[in-house]
Amino acid sequence: MSYIRWPVILAVVLFPAVTIVLHNAGNACLYLLLICSVVALVLRRKPMGIAFGEILKGYWPLHLAMGSLFIAVMFNQLSLGTFEAKQYDRALRLAIFAPIFWIVLAAPLKYLKSIQWALICGVIAAAIKIYLVTDGGISRPSNIGFLLIIAFSDIALLMGCMTLLSIGWNHHSNKMIIGLKFLIFVTSIYISILGQSRGTWIAIPFFIIFMIMSWGVQLCHKLMLLIFSLVVVGSVFTFSDKVETRIAEGKSDISLYMQGGNVDTSLGIRLQLWRASWELFKQRPAFGIGRQNFGIGLEALSAKNQISTAAASLAHSHNELLFNLTILGIFGFLANLSIYCVPAYYFFRDMRHSDRDVRAAAAMGVLLCIGFFIFGLTDLMFFWTVLGGFYCMSVATFLAIIIKRKKELKVD
């Protein structure tokens, strides 16, 4: 396995650092893992002595969940009597989870845990990139490189929070490393301020609550940390002119929409899209209207003056669950929900494990699922193929760390 192991290590170590800063680099890591998996299958190699069939059987609910969106697309196309290969592209990044997970097991535990340094590098690179592109927060372009500024801020914040949780892999005496990880967490919040994404800010208190409650300290200490953290973050946001302006704009957008005034504001368009998506869902509730018909459906609603022309010009609903409900029907909605919930279940059951390494990996996995769910309420994370790959590889890596660490504990 040695000649397969090193490409796997390279992909696992690189993907968090390059996914949102280098175009297609995250996809390259995903495909490298897939190629390594195919080679191992052909040569009948077994990572950790585990055959591919054993992984399929042992974790079949997880594999089914990750492949369910692909199945939902297939059901939709069968119901419409059409076939478009490009409609499978985004779902495919999740559907190939089984071989990705299997081959990641080939990497030694110490290298898998190096993901903590890749997350740190990723946040630093993201901070530099967004600072340069936004001129230090003066401007707010729609994209940061190849990613929408919202998705960019979301993933940067998520990586910063996962970095903080990875403190569980460090000894209490490593104060410099622990301090660095706190600094990276603060940097990720700074990135969200530069990005001025209200959807990203919504996740921050939920992330803080989860992280503190997952730490192995007494309840009274958890409450003190929670109050302190929320006060500090609240103070930072209170004294930021950018945050104050964006929140005031949000309140104004909602007020204008409710009063029937200007509905083409940022939030007004979102509210129109959510209502329009529900109307389109009702046309084909079982299998959905299909992604290719979403724009056509919006134009039809615009012609009836049910939504504005501006709202009809957008590519999706700005809500992951609602969009999949519309284009893939009930099957798409359940598939999307299972992609969050089933991996979260596998991680959540190890959050109270006696070993700190296992608990830290489990907490990072749960946070990943929670993060994608919360971010998906105001935008589409899996719309960006590179983020689908990021989710797939992250779930595989954190779960592999748990499996390998448990095996070490048994041997010891």
Side-chain angles (χ1 to χ4, degrees), residues 1-19 24-67 92-122 162 166 168-169 342-343 346-347 350 353 355 357-362 364-365 368 386 388-412:
M1 290 292 298
S2 59
Y3 51 87
I4 297 176
R5 184 177 296 121
W6 285 109
V8 171
I9 292 170
L10 179 67
V12 170
V13 170
L14 282 181
F15 85 84
V18 301
T19 291
N24 281 330
N27 287 329
C29 292
L30 182 69
Y31 291 139
L32 178 58
L33 288 173
L34 182 60
I35 291 169
C36 290
S37 181
V38 172
V39 171
L41 274 170
V42 172
L43 297 179
R44 297 184 179 182
R45 297 295 186 264
K46 296 180 181 180
M48 289 184 65
I50 302 173
F52 183 61
E54 293 178 65
I55 282 291
L56 288 178
K57 183 179 179 180
Y59 293 87
W60 69 265
L62 180 58
H63 302 315
L64 180 60
M66 297 295 279
L92 186 62
R93 313 303 169 103
L94 299 167
I96 61 174
F97 171 78
I100 299 299
F101 173 40
W102 179 64
I103 201 62
V104 167
L105 292 172
L109 178 60
K110 65 177 182 179
Y111 290 108
L112 290 178
K113 288 170 64 177
S114 295
I115 193 174
Q116 60 187 304
W117 309 114
L119 289 168
I120 289 173
C121 292
M162 289 195 296
S166 71
W169 293 337
V342 177
Y346 276 90
F347 290 120
D350 281 316
H353 196 277
D355 182 69
D357 284 9
V358 172
R359 291 200 306 271
M364 292 166 76
L368 173 76
V386 70
F390 178 89
Y391 189 83
C392 178
M393 289 185 285
S394 296
V395 171
T397 301
F398 296 141
L399 196 55
I401 289 171
I402 292 172
I403 292 170
K404 284 180 168 290
R405 179 56 181 162
K406 284 183 176 180
K407 184 177 180 181
E408 275 190 357
L409 294 172
K410 287 182 180 178
V411 172
D412 293 340

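- Checked for salt-bridge contact, D355 and R405 meet the test: a charged N lies under 4.0 Å from a carboxylate O.
- Between the side chain of T397 and the main chain of M393, a donor-acceptor pair closer than 3.5 Å is present.
- Atom CD1 of I55 sits about 15.5 Å away from atom CH2 of W60, to the nearest 0.5 Å.
- Among the candidates K404, K110, K113, the single residue satisfying the salt bridge (Lys or Arg N to Asp or Glu O under 4.0 Å) test with D357 is K113.
- Between the CE atom of M48 and the CG atom of L109 there is a distance of 9.5 Å, given to the nearest 0.5 Å.
- Under a 3.5 Å cut-off, the side chain of R45 and the backbone N or O of L43 do form a donor-acceptor pair.
- Taking the six-membered ring wherever Trp is involved, the centroid distance between the rings of Y59 and W102 does not fall below 6.0 Å.
- Atom-to-atom distance recorded for I403:CD1 and I50:CD1 is 6.5 Å, nearest 0.5 angstrom.
- Nearest heavy atom pair, residue L33 against residue I103, reads O-CG2, 3.5 Å.
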Next on the checklist: Using the rule given for side-chain contact (heavy atoms from CB on, under 4.5 Å), can you reason through I401 versus W169, listing the C-alpha separation, both sets of side-chain angles and the distance that settles it, and then say yes or no?
Outcome noted: CA-CA 11 Å; I401 289 171; W169 293 337; 3.6 Å; yes
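- The line from SG of C36 to CG of L41 is 11.5 Å long, rounded to the nearest 0.5 Å.
- When all heavy atoms of C392 and L30 are compared, the pair lying nearest together is SG-CD1, 4.3 Å.
- One distance of note links CZ of F398 with OG of S166; it measures 8.5 Å at 0.5 Å rounding.
- Here the shortest heavy-atom pairing between P99 and L34 reads CG-CD1, 3.9 Å.
- Between F347 and L399, the shortest heavy-atom contact is CE2-N, 3.6 Å.
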Item to check | H63/F101 under side-chain contact (heavy atoms from CB on, under 4.5 Å): CA gap, chis, key distance, verdict | outcome: CA-CA 10 Å; H63 302 315; F101 173 40; 3.9 Å; yes
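- A donor-acceptor contact shorter than 3.5 Å is absent between the side chain of H353 and the backbone of A362.
- Once rounded to the nearest 0.5 Å, the distance linking CD1 of I100 with CG of L94 reads 11.0 Å.
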